[in-house]
2 protein chains.
Amino acid sequence: MKINVVKNVLEVNDAAAAENRDLLDEAGVLAVNIISAPGSGKTSLLERTLPALGELASAVIVGDLQTSRDAERLGDKARAVTQVNTEGGCHLSAVQIASALGGLDLAGLDFMFIENVGNMVCPSGFDLGEHVRVAMLSTTEGDDKVAKYNTLFQPADVILLNKMDLLGVLDYDVSRVYDDLSRINTRAEVIEISAKTGEGIGRWIDWLKKAAAGK
Amino acid sequence: MKINVVKNVLEVNDAAAAENRDLLDEAGVLAVNIISAPGSGKTSLLERTLPALGELASAVIVGDLQTSRDAERLGDKARAVTQVNTEGGCHLSAVQIASALGGLDLAGLDFMFIENVGNMVCPSGFDLGEHVRVAMLSTTEGDDKVAKYNTLFQPADVILLNKMDLLGVLDYDVSRVYDDLSRINTRAEVIEISAKTGEGIGRWIDWLKKAAAGK
C-alpha cells in the first residue's frame, strides 16, 4: 500500500514536470534547478548571477519552508520572483512549480531559476521540469559530502564548488571532492566559485549561456 | 488514503520511539539526538565531546545516506559506534535506532549520542526515543536560518551555534539568530561553540552532565 502511494506521488510529479518542461520549451526559457544544503549560498549565487546575465531576462522561483527572506533579497534583480512556501515540505514539487508558472508571463524570458529548499536529500528525487540541474557544495560543508550525497551529485549537469574564498581558513581538501566525483559523475562540469567575491562567476555565466544556446 | 499512510508511518515510529526510551531509561542512559545541516559539524562536535566527558561512557549511532566516514572518525573515541546507512532516506527513524540498540550492550553506558542525517527538515518530524534534542546551526550557514527552519529550532532542548571561530571572516550577525529565537524558543539554552578550537565546549559538557544527572 505504502509503495503504491509513493509511486502515485512520483507519477503525479513526473506528469506535472513534463507539462512544465513543455510550457518552458514553447516559451524558449531554460529552467535551472539549483539544489544544495541550507546556507550553501543559493540566494547569494543568484544575487551575483542575475545582474551578470546582462540583457538576458530571468525569473526566479524560490522554495522555502517558511519566510520570504530569499525572495526579498532577489526582488529587484529579476523580472519576477515567486516565493513558494512548502509549509514544512522538504523539497519543491513539479505541481508547486506549475502553480508558480501559471502566475508568470514567460514571454521574453531567457532563464527560469528555481532555488530549491535547502536540503541535500529530498529535492534530488523530484523532477520539476527543469532543463539543467545544478548541485552546489560549499567548502564550509566539508570535503566528504560528494560520496555521502551521491543522489544529489550523480545526476547533476553542473557542479558548483562555492565559498572558495574561505579555503585558507578551513580544513578542506578539494582533491577529495574531485576524487569522489571521478567515481560518480565525470559528465558534469565542475566550477569553483565564490558568490561572495565573484571568483569563477564568469565561467558559470558562460556555462549558463552555452546551455541556453544549446537548448 | 495518503494521509492514513503517513499517519501509520508516524504511529509505528512513535511506538518504536517509546520502546527505545524505555530501554534506555532502564539502563540509565541519556539519549541525545543531534540534528543539523550537512557539514554543520556534528561529527567534529562528537570528536570533541567524547573525550571531554572523561569517565562517563558513551556510544554513538551515526546516520548517513551512504558511506561510513563519520563512524570511522569516531571509532576510537566511544565505547561503540554503530553506522546506520539510510540508503537515500533523509532522516533516522525510531525503528532503525531500535535495530541499532539491539546490537549494543547498554550496561555501564552514560550517553547514547545519535548523529542524525545531515538535514534541517526531515529529522525534526521523527522522535527516535531520545531524552534531549540538540539543534546545531553553524555561522557558515547564515544568520537567517532559525525562522526558516522553525520545526528544527522550536522543539530543541539546547541550541549550539557552531563555527564561532569563523565569525570574523563571515557576514554573520549573531543578534539576528537570538532575535529569531526570542520568538520561537526561549526555553532552550543557547551555547556558542567552535568544535574546531574548543571554544564553548566546556559549557556544552556541563549542560550534558546536568541533563544526565536530572534524568
Side-chain angles (χ1 to χ4, degrees), chain A residues 1-6 8-9 36-44 64-70 72-73 85-91 117-125 137-152 163 165-166 168-172 176 180 184 196, chain B residues 1-6 8-9 36-44 64-70 72-73 85-91 117-125 137-152 163 165-166 168-172 176 180 184 196:
Chain A
M1 183 66 86
K2 191 183 149 203
I3 289 165
N4 284 338
V5 173
V6 170
N8 287 345
V9 168
S36 77
S40 192
K42 292 180 292 303
T43 313
S44 300
D64 259 316
L65 276 78
Q66 312 278 347
T67 83
S68 57
R69 288 179 175 178
D70 291 347
E72 285 157 25
R73 284 170 63 187
N85 276 335
T86 61
E87 288 170 16
C90 57
H91 61 87
V117 175
N119 188 320
M120 293 178 89
V121 187
C122 316
S124 306
L137 177 69
S138 279
T139 54
T140 48
E141 294 148 14
D143 53 27
D144 62 336
K145 293 299 175 294
V146 168
K148 278 189 186 185
Y149 296 91
N150 68 354
T151 54
L152 169 57
K163 304 195 188 179
D165 57 296
L166 292 175
V169 298
L170 302 170
D171 302 319
Y172 181 91
R176 196 174 180 200
D180 281 348
I184 67 161
K196 189 174 176 183
Chain B
M1 182 67 84
K2 191 182 150 202
I3 289 164
N4 285 337
V5 172
V6 170
N8 287 345
V9 167
S36 78
S40 192
K42 293 180 292 304
T43 313
S44 300
D64 260 316
L65 277 78
Q66 311 278 347
T67 82
S68 56
R69 288 179 175 178
D70 290 347
E72 286 157 24
R73 285 170 61 188
N85 277 336
T86 61
E87 289 169 16
C90 57
H91 60 87
V117 176
N119 189 318
M120 293 178 89
V121 187
C122 316
S124 305
L137 177 70
S138 279
T139 53
T140 48
E141 292 149 15
D143 53 26
D144 62 336
K145 295 298 175 293
V146 168
K148 277 190 186 186
Y149 295 92
N150 68 355
T151 54
L152 169 57
K163 305 195 187 178
D165 57 294
L166 293 175
V169 297
L170 303 170
D171 301 320
Y172 180 90
R176 195 174 181 199
D180 281 349
I184 67 159
K196 189 175 176 183

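So you know, we letter chains A, B, ... as the sequences are listed, proteins then strands, and number each from 1. On a predicted model such as this, the values are computed, not experimentally measured, just so you know.
Here the shortest heavy-atom pairing between B:Tyr149 and A:Gly118 reads OH-O, 3.3 Å. Between A:Val121 and B:Cys90, the shortest heavy-atom contact is CG1-CB, 3.5 Å. Considering every non-hydrogen atom in both A:Lys196 and B:Val169, the closest pair reads NZ-O, 3.1 Å.
Of the listed residues B:Ala37, B:Gly142, B:Ala147, the one with more heavy-atom pairs under 4.5 angstrom with chain A than any other is B:Ala147. Of the listed residues (B:Glu141, B:Gln66, B:Lys148), the greatest number of heavy-atom pairs within a distance under 4.5 Å of chain A belongs to B:Lys148.
B:Leu166 touches chain A through its side chain: at least one heavy atom from C-beta onward sits under 4.5 Å away, while N, CA, C and O do not. Only the side chain of B:Thr67 comes within less than 4.5 Å of a heavy atom of chain A; its backbone N, CA, C and O stay farther away. Looking at A:Asn119, only its side chain comes within 4.5 Å of chain B, counting heavy atoms on both sides. For chain A, the nearby part of B:Asp64 is the side chain; its heavy atoms alone come within less than 4.5 Å.
Residues A:Pro38 and B:Pro38 have side chains in contact (heavy-atom distance under 4.5 Å, counting atoms from C-beta outward). Residues B:Asp144 and A:Asp70 have side chains in contact (heavy-atom distance under 4.5 Å, counting atoms from C-beta outward).
Looking at A:Asp171 and B:Lys163, no side-chain N of the basic residue comes within less than 4.0 Å of a carboxylate O on the acidic one, giving no salt bridge. Taking a cutoff of 4.0 Å between a charged side-chain nitrogen and a carboxylate oxygen, B:Arg69 and A:Asp180 qualify as a salt bridge.
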